[in-house]
Protein chains: 2
Amino acid sequence: MATIYDVSQLAGVSLATVSRVMNKNTNVSEKTRQKVLAAMAELGYRPNTFAQSLASNCSNSVGVLVSQLDGPYYGPMMAEIEAALRADNRHVIIAVGHSDAAQEIDSVEFLLSKGCDALILDVEAVSDDYLIKLSQSSTPIVLINRYIAEISDCCIYLNNELGGYLATRHLIELGHRDIAYISGPAKKHDATERLEGHKRALAEVGVSFDPALFFEGDYKEDSGVEGMHYLFGQDKTFTAVVCANDQMVSGAISVCLERGMRIPQDLSFVGYDNIPFARYVSPKLTTVNNPIHEMGKMAALWLLKHLYKHDIEVENVFEPELVVRNSATRLG
Amino acid sequence: MATIYDVSQLAGVSLATVSRVMNKNTNVSEKTRQKVLAAMAELGYRPNTFAQSLASNCSNSVGVLVSQLDGPYYGPMMAEIEAALRADNRHVIIAVGHSDAAQEIDSVEFLLSKGCDALILDVEAVSDDYLIKLSQSSTPIVLINRYIAEISDCCIYLNNELGGYLATRHLIELGHRDIAYISGPAKKHDATERLEGHKRALAEVGVSFDPALFFEGDYKEDSGVEGMHYLFGQDKTFTAVVCANDQMVSGAISVCLERGMRIPQDLSFVGYDNIPFARYVSPKLTTVNNPIHEMGKMAALWLLKHLYKHDIEVENVFEPELVVRNSATRLG
DNA sequence: ACTATATGGCGACCATTTACGACGTTTCTC
DNA sequence: GAGAAACGTCGTAAATGGTCGCCATATAGT
């Protein structure tokens, strides 16, 4: 592998000059520049990243920590992050936290030990305090899907409460009053926020929240199945179900279809996230759009702005929107 | 940040000794070892990866290049790769090729420039020759989802032809003879292989392949929709459709349901890939299992074995299996 | 001619690995 | 039992391939 030294010899200039044309092009004449470029091309020179990182203390890498890689949720986010960073010649190192505090912390340490310039974190289990402390260290972090008042500037998040509200209000507007709710795990912030929105919509029309029509799932399809079995097991009537994500809806609906029920005539459903499949499942899912890919992109742009000093605008909070399709209908 | 020098001072030993306890612990007495370990703990020492990589010419990173990050397909694969490598304290750098030759090559260059120890490639557009040449360079590569005879040892792939065969044979066994086929893009190897399998199954029972019952899609849901519109537009009868992946099935089925057709009574479908959603879509998809996560894991293990010299067994070729659920039924 | 500025060279780092060799102790051999 | 060989342990110093500040020099502007 050719080194910067070889290039300097071939071009007939000094090491520093070669280094200069690679970095800031300030203070090097166009003629020299071309000579050096030609030499680099001839040698097929490729700068040694490790040496660069060691000398400059900048790795051009950002660590991305997500809860999981499978499932329909994180793919679009990662795709946007990769694209935005890649366009700026930066690379992303991935790590998975599995929604477990110990593993999340371990992953952060791992990423830090790999010398990332910054971290993009989608963490659920770790405490606010931990993140606040982490944000004070020398490597910047940006949080996706989480709001912490003390470090709000580096939080990119969705107004989950509003999303939960929109889902339930939609059903209310369709005449439903007996609305069951299949939630995500209580330990996850977004799950509790969505539930809050649901309760607010209920309260707004004077309907009290009925714990018997509530089931705590884990965001996976199977818990949608479990949730429906549980709800059918209760001796309560309900005409609609809101699920805290689309995956649980799909599990829930499959139970109903197996029982010969018609959706949405016999039971209305509203989901959350608007994952790609929501449009192709039958019936097409009425759901709340979660612009996760935009949030991923914004996290990357945030870094470009704050860490790598690009001059761009970033926004921190995203608003969910209701997407009306065919899984919920007017009561009666 | 504490350096190895600080540790050596505190422990009262030389730099080399500290380095020795970090790497091969050979030739360092237990007493010194403990002193050094204690000093490292006291200082919260964390080795500088860049310096390590520069000096040892090993980055402990592997680049993973996939066609896309969104969609249901690559998540499970990435998850397995990350887990396997992470367990060995290695990290993965991601890049996306978008099924385009120029972008794939650019991504390979990118990954190489980032100093990866090895590359895991799931590339579709790039030529065999390019990959053969690449495999002769100093950084090892392993290919997922692709078979190239000249470098078969580093190929991890699925017997796609067999999968296509199994899908169609299943329908034939159910009495179907007029079987439409919605393919993936002809430029993708797996798509053409699956189609070959389909044709073989047809030929086996003396049914000739009818170009009018063939549609070339692009593996996305929308092209399943397009495909059905096209097929319905032909003046041909058919009683079953095999789609080259599950996403296209889901698009195709949605068209049928909109037309008031019943699946599978009016039309049978067989998919391919067995993506997680195949179980929750209604009807549940009869499909061909594609053990993509196992292939991802195997690629990582291959690297652990060949590059990092672990003593493990790896297998290169995976066999698809038919998963019978409810989207295809006996004719008549 | 004088000064401001553009340009290029020198050399000190950056934090680690590793070849080589020093040194002390053990073991072998005669 | 003495000298030599072998061995285990550890330190020195030379890479590894860059970046960057500082200084000298060439060039241009006034």
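Protein chains get the first letters and strands the later ones, always in sequence-line order, with residue 1 at the start of each. All values below come from the heavy atoms of this structure, side chains included, with hydrogens, waters and symmetry mates left out.
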Find out whether [X] and [Y] are in side-chain contact, i.e. whether some heavy atom of one side chain is under 4.5 Å from a heavy atom of the other.
X: Leu119(B); Y: Leu65(B); value: no
X: Tyr308(B); Y: Asp117(B); value: yes
X: Asp106(B); Y: Arg86(A); value: yes
X: Leu131(A); Y: Val126(A); value: yes
X: Asp88(B); Y: His310(B); value: yes

Margin query: Using a heavy-atom cut-off of 4.0 Å across all strands, would you classify Val18(B) as base, sugar-phosphate, or nothing?
Written below: nothing

Margin query: Heavy atoms only, 4.0 Å cut-off, all strands: where does Thr32(A) land among base, sugar-phosphate and nothing?
Written below: sugar-phosphate

Distance check needed: [N] [atom2] versus [X] [atom1], whole Å only.
X: Asn60(A); N: dT19(D); atom1: CG; atom2: P; value: 11 Å
X: Asp6(B); N: dC14(C); atom1: CG; atom2: P; value: 11 Å
X: Arg20(B); N: dC20(C); atom1: CZ; atom2: P; value: 14 Å
X: Lys114(A); N: dA15(C); atom1: NZ; atom2: C1'; value: 16 Å

Notebook entry, point to check: Do Ser53(B) side-chain atoms and Thr49(B) backbone N/O form a donor-acceptor pair below 3.5 Å?
Noted result: yes

Check: End-to-end bend of the helix from dA1(C)-dT30(D) to dC30(C)-dG1(D) (five-pair axes, 10° rounding)?
Finding: 40°

Checklist line | Salt bridge present between Asp190(A) and Lys188(A) (N-O < 4.0 angstrom) | finding: no

Margin query: Check this for me: does any side-chain nitrogen of one of Arg33(B) and Glu30(B) sit under 4.0 Å from a carboxylate oxygen of the other?
Written below: yes

Checklist line | Residue list, ring pair (Phe, Tyr, Trp, His ring centres under 6.0 Å) with Tyr157(A), at least two apart or on another chain | finding: Tyr147(A)

With the criterion being N/O to N/O and under 3.5 Å, what pairs connect the protein with nucleotides 13-18 of chain D, and how long is each?
residue, atom, partner, partner atom, Å
dG18(D), OP1, Tyr45(A), OH, 3.0
dG18(D), OP1, Asn48(A), N, 3.1
dG18(D), OP2, Ile4(A), N, 2.5
dG18(D), O5', Tyr45(A), OH, 2.9

Check: So does Ser29(B) get a side-chain nitrogen or oxygen closer than 4.0 Å to the phosphate oxygens (OP1/OP2) of dC10(D)?
Finding: yes

Checklist line | Phosphate OP1/OP2 of dG11(D) contacted by Thr17(B) side-chain N/O (<4.0 Å) | finding: yes

